[in-house]
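Nothing here was measured: the structure is a model prediction, and the numbers come from that model.
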Amino acid sequence: MDKRVVVKVVETELDADALQRSLTTDGCGAVVSFLGIVRDIDEGEQVIRLEFDAWKERLEPVLRQLAEESIHIHGVSSIVLGHRVGAVGPQQPIVSIHVASPHRKEAFESCSWLIDELKAQAPLWKKEVRASGQVWKAGLG
């Protein structure tokens, strides 16, 4: 297990600031972060909440593998990744990604790659609960 990687899957509040403090930044000149939140309006409708269903036994290992792969591909120093499961209300954090790197370009590339791969590979499914009813969002993530 790579000690430069921290992964947290939580059913309660996702604390992006606390996660960022878990980064190892020795020798780094850049930290790039992404915080995904629940929209309060989608397709012109009020969103009451998102409900994330996950294959919990596989979610953390998949997220860890993606972070380790990004360290290898992009040459970054440290990655901290957090994701919510369960019900998440409007404007609340869903996913938090922090990347520390000696240089900004690699940190931005890693962070962008991670959110794209997370959406493609993580065993997560989401249902959007709107004022007018429920809708399963297509694909993983």
Side-chain angles (χ1 to χ4, degrees), residues 1-26 28-141:
M1 188 175 325
D2 195 325
K3 294 182 181 182
R4 300 171 295 173
V5 171
V6 175
V7 173
K8 299 282 184 187
V9 175
V10 296
E11 292 187 32
T12 59
E13 183 179 343
L14 185 62
D15 187 341
D17 294 332
L19 288 170
Q20 185 177 7
R21 288 190 296 273
S22 301
L23 271 176
T24 301
T25 58
D26 299 343
C28 292
V31 171
V32 171
S33 298
F34 172 78
L35 182 64
I37 62 174
V38 177
R39 290 179 198 90
D40 53 353
I41 303 288
D42 191 30
E43 298 177 357
E45 290 193 59
Q46 178 186 3
V47 175
I48 297 168
R49 70 182 171 276
L50 290 181
E51 295 177 1
F52 288 89
D53 192 14
W55 183 6
K56 291 180 184 176
E57 296 78 19
R58 289 292 308 140
L59 181 55
E60 189 171 328
V62 167
L63 296 178
R64 179 171 300 284
Q65 183 257 329
L66 290 173
E68 290 171 357
E69 189 174 344
S70 187
I71 285 175
H72 176 74
I73 292 169
H74 300 104
V76 298
S77 299
S78 177
I79 295 173
V80 176
L81 203 157
H83 207 292
R84 284 284 307 267
V85 293
V88 186
Q91 303 299 307
Q92 295 299 306
I94 303 164
V95 60
S96 178
I97 300 172
H98 306 281
V99 179
S101 176
H103 305 284
R104 71 181 183 278
K105 180 181 179 187
E106 292 82 1
F108 275 106
E109 289 172 349
S110 174
C111 196
S112 179
W113 183 88
L114 281 164
I115 192 62
D116 288 345
E117 291 302 313
L118 182 154
K119 288 179 130 324
Q121 296 187 44
L124 283 164
W125 300 268
K126 67 183 173 185
K127 178 172 49 175
E128 188 175 79
V129 180
R130 302 175 179 177
S132 64
Q134 303 175 4
V135 153
W136 280 98
K137 299 305 253 184
L140 297 174

To check you understand the geometry: which heavy-atom pair defines the closest contact between Trp125 and Trp55, and what is its length?
CZ3-N, 3.8 Å
How far apart are the closest heavy atoms of Leu63 and His83, and which atoms are they?
CD1-CB, 4.3 Å
Enumerate, atom names and distances included, each donor-acceptor pair closer than 3.5 Å involving a side-chain atom of residues 93-101, sequence neighbours excluded.
residue, atom, partner, partner atom, Å
Ser96, OG, His98, NE2, 2.8
His98, ND1, Ser33, OG, 2.6
His98, NE2, Ala16, O, 3.1
Ser101, OG, His103, N, 3.3
Ser101, OG, His103, O, 3.0

Given Trp113 and His74, is the side-chain contact (heavy atoms from CB on, under 4.5 Å) satisfied, shown in steps?
CA-CA 9 Å; Trp113 183 88; His74 300 104; 3.5 Å; yes
Distance check, rounded to the nearest 0.5 Å: Leu124 atom CG versus Phe52 atom CZ?
7.0 Å
Heavy atoms, side chains only, cut-off 4.5 Å: are Ile79 and Ser70 in contact?
yes
On a heavy-atom basis, the closest approach of Arg104 and Val32 is O-CG2, 4.5 Å
Residues that Glu69 engages under side chain to side chain donor-acceptor pair (under 3.5 Å), provided they are two or more places apart:
Gln65
Minimum side-chain heavy-atom gap Val6-Lys8 below 4.5 Å:
yes
SG/Cys111 to CG/Asp116 distance, rounded to the nearest 0.5 angstrom?
10.0 Å
Among pairs that include at least one residue of residues 31-54, which meet salt bridge (Lys or Arg N to Asp or Glu O under 4.0 Å), considering only residues two or more places apart or in two chains?
Asp42-Arg130, Asp42-Lys137, Glu43-Arg130, Glu45-Arg130, Arg49-Glu51, Glu51-Lys127
Checking side-chain contact (heavy atoms from CB on, under 4.5 Å) between Leu19 and each of Val7, Val10, Leu14, which is the one that passes?
Leu14
If every non-hydrogen atom of Gln134 is compared with every non-hydrogen atom of Val129, which pair is closest and at what distance?
CG-CG2, 4.2 Å
Donor-acceptor check, side chain of Arg84 to backbone of Thr12, threshold 3.5 angstrom: yes or no?
yes
How long is the straight-line distance from CG of Leu114 back to CD of Glu109, given to the nearest 0.5 Å?
12.0 Å
Evaluate the side-chain contact (heavy atoms from CB on, under 4.5 Å) criterion for residues Arg4 and Ile71: first the C-alpha distance (whole Å), next the side-chain angles of each, then the deciding distance (0.1 Å), finally the verdict.
CA-CA 9 Å; Arg4 300 171 295 173; Ile71 285 175; 3.4 Å; yes
In short, Cys28 meets Thr24 closest at the heavy-atom pair SG-O, 4.2 Å
Residue pair Leu59 / Ala54: nearest heavy atoms and the distance that separates them:
CD2-CB, 4.0 Å
